[in-house]
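Both counts, for ligands and for their atoms, begin at 1 and track the order of listing.
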Amino acid sequence: MIVKADRAAIAEAGRIVRAGGLVAFPTETVYGLGADATQGEAVARIFEAKGRPRFNPLIVHVHDIESARELADFDERALALARRFWPGPLSLVLPLLERPRHGISELVTAGLDTVAIRVPSHAVARELLAAAGVPIAAPSANTSGRLSPTRAGHVEEDLSGAVDMILDGGGSEAGLESTIIAITPRPALLRPGSLPREDIEAVLGCRLAAPSEGKVQSPGQLLSHYAPRARLRLEAAGALPGEALLGFGPDAPAAALNLSPGGDLREAAANLFAYLRVLDAKGLSGIAAMPIPSTGLGEAINDRLRRAAAPKGSKC
Ligand code: TXA
Ligand code: MG
């Protein structure tokens, strides 16, 4: 399961990522649990493996600034930070370019119109990104609620069996996650991390706002951010007049947009945000969502649906 990160192993890891698998890999901050950010079902596997009860947005790792600019809109401030600190432990939250041009799964961004991106400096992470040739979504490679891993052995203790390969590249130097900065509407510190805020402020020439000052969504608030315009009704047996139906499983009516006709939760998770968007775009007054089992990934799917169904303006 743990494989020394030599050239052959990294090439194999790149193939695994492209085939929709999960690879744990070292970065300079902590070990990441990576999947192809453009494949929804691969990203769903990350949440499944971590046992995360919620779909919080993930950081997308890319090889260089040019690849990052294919995904997000960089203003002058973002470019200045990227040029100074990449490759390195800085994640930038930036406006996502138009879908579907960049191909990033909505499960990565949790349906938001921004994306967190970083270019890691660890040689193994960089070689993996080059070998995979796709952007890699990666949270820390630990199960939900456990400490972030800084060695391949930590990952194995926690996630063996749930990941297809663990690349051993020695210890992570920093041992602390990347610093996360949002740029718009004004530069704000979303998560303190390995890169000190003073270094970032020196490049920007201004103080970083706390998330609320800059009115950016802090990670805790993010989950209530994407809600459809239409009223969402949960545990519905069928659609009432004026409602579109979000189905699940083989028994759903043919008229429903079915998250997974075969009843597969991984497929349902991959389709969730996109399908809510499609139904919302119909302009009907309501969306009726059929029941979804609350086991495995179903817990996070139901959490997302409950938040989308909460009265508008609700913070929880
Ligand atoms: O050092 C790191 O950043 C590690 C290594 C593996 O690169 N990764 C990591 O990822 O810490 P994760 O998933 O544990 O942290 C992602 C954080 C979450 O707090 C999330 O809310 C925030 O990034 N985030 C992601 N996308 C965001 C967005 N569009 N807006 C605001 N926050 C975002
Ligand atoms: Mg983490």
Side-chain angles (χ1 to χ4, degrees), residues 22-35 37 43 46-47 49-52 54-63 71-73 78 85-97 102 104-122 124-126 128-129 135-152 154-155 158-159 163 166-167 169 172-185 187-195 211-212 214-226 273 300:
L22 289 189
V23 171
F25 63 98
T27 83
E28 68 280 16
T29 58
V30 297
Y31 270 68
L33 180 61
V43 177
I46 293 178
F47 289 96
K50 285 184 68 88
R52 266 196 187 174
R54 288 179 180 178
F55 293 130
N56 42 348
L58 304 174
I59 296 171
V60 174
H61 299 65
V62 295
H63 186 268
L71 309 179
D73 185 19
F85 296 115
W86 283 354
L90 173 68
S91 295
L92 293 173
V93 173
L94 300 169
L96 195 56
L97 293 179
H102 50 73
I104 297 293
S105 156
E106 291 203 70
L107 201 48
V108 171
T109 57
L112 296 165
D113 51 14
T114 53
V115 61
I117 309 183
R118 85 180 192 93
V119 175
S121 63
H122 195 292
V124 173
R126 301 189 57 68
L128 174 62
L129 285 162
I136 295 182
S140 50
N142 51 282
T143 49
S144 194
R146 302 283 297 271
L147 288 176
S148 296
T150 51
R151 303 189 171 280
H154 300 165
V155 180
D158 222 13
L159 289 175
V163 356
I166 301 172
L167 279 176
S172 290
E173 265 170 53
L176 181 64
E177 276 93 345
S178 63
T179 303
I180 306 181
I181 300 294
I183 299 294
T184 48
L189 180 66
L190 298 191
R191 180 178 76 182
S194 282
L195 183 68
S212 54
K215 291 224 170 51
V216 276
Q217 303 284 323
S218 70
Q221 295 173 306
L222 276 170
L223 294 154
S224 57
H225 181 93
Y226 176 67
F273 290 99

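- Of the candidates Gly34, Ala116, Gly175, Pro139, it is Pro139 that places a heavy atom closest to atom 12 (P) of ligand 1.
- Going from atom CG of Leu71 over to atom CD1 of Ile104 covers 4.5 Å, rounded to the nearest 0.5 Å.
- Of the candidates Val115, Leu190, Leu195, the one placing a heavy atom closest to atom 31 (C) of ligand 1 is Leu190.
- Under 4.0 angstrom from ligand 1, the non-hydrogen atoms of Pro57 come from both its backbone and its side chain.
- Within the 4.0 Å heavy-atom shell around ligand 1 one does not find Arg54.
- Of all the heavy atoms of Thr29, the ones lying under 4.0 Å from any atom of ligand 1 belong exclusively to the side chain.
- Checked by atom type, the side-chain pair Ser178/Thr29 shows no donor-acceptor distance below 3.5 Å.
- Tally of protein N, O or S atoms closer to the Mg ion (ligand 2) than 2.8 Å: 1.
- A heavy-atom separation below 4.0 Å is found between Val93 and ligand 1.
- No more than 12 heavy atoms of other residues, nucleotides or ligands sit less than 6.0 Å from atom CZ of Arg146.
- By the 3.5 Å distance cut-off applied to N or O atoms, Glu177 is not counted among the residues near ligand 1.
- Not close to ligand 1: Thr109, with no non-hydrogen atom less than 4.0 angstrom away.
- Between the side chain of Asp158 and the backbone N or O of Thr143, at least one donor-acceptor pair lies under 3.5 Å.
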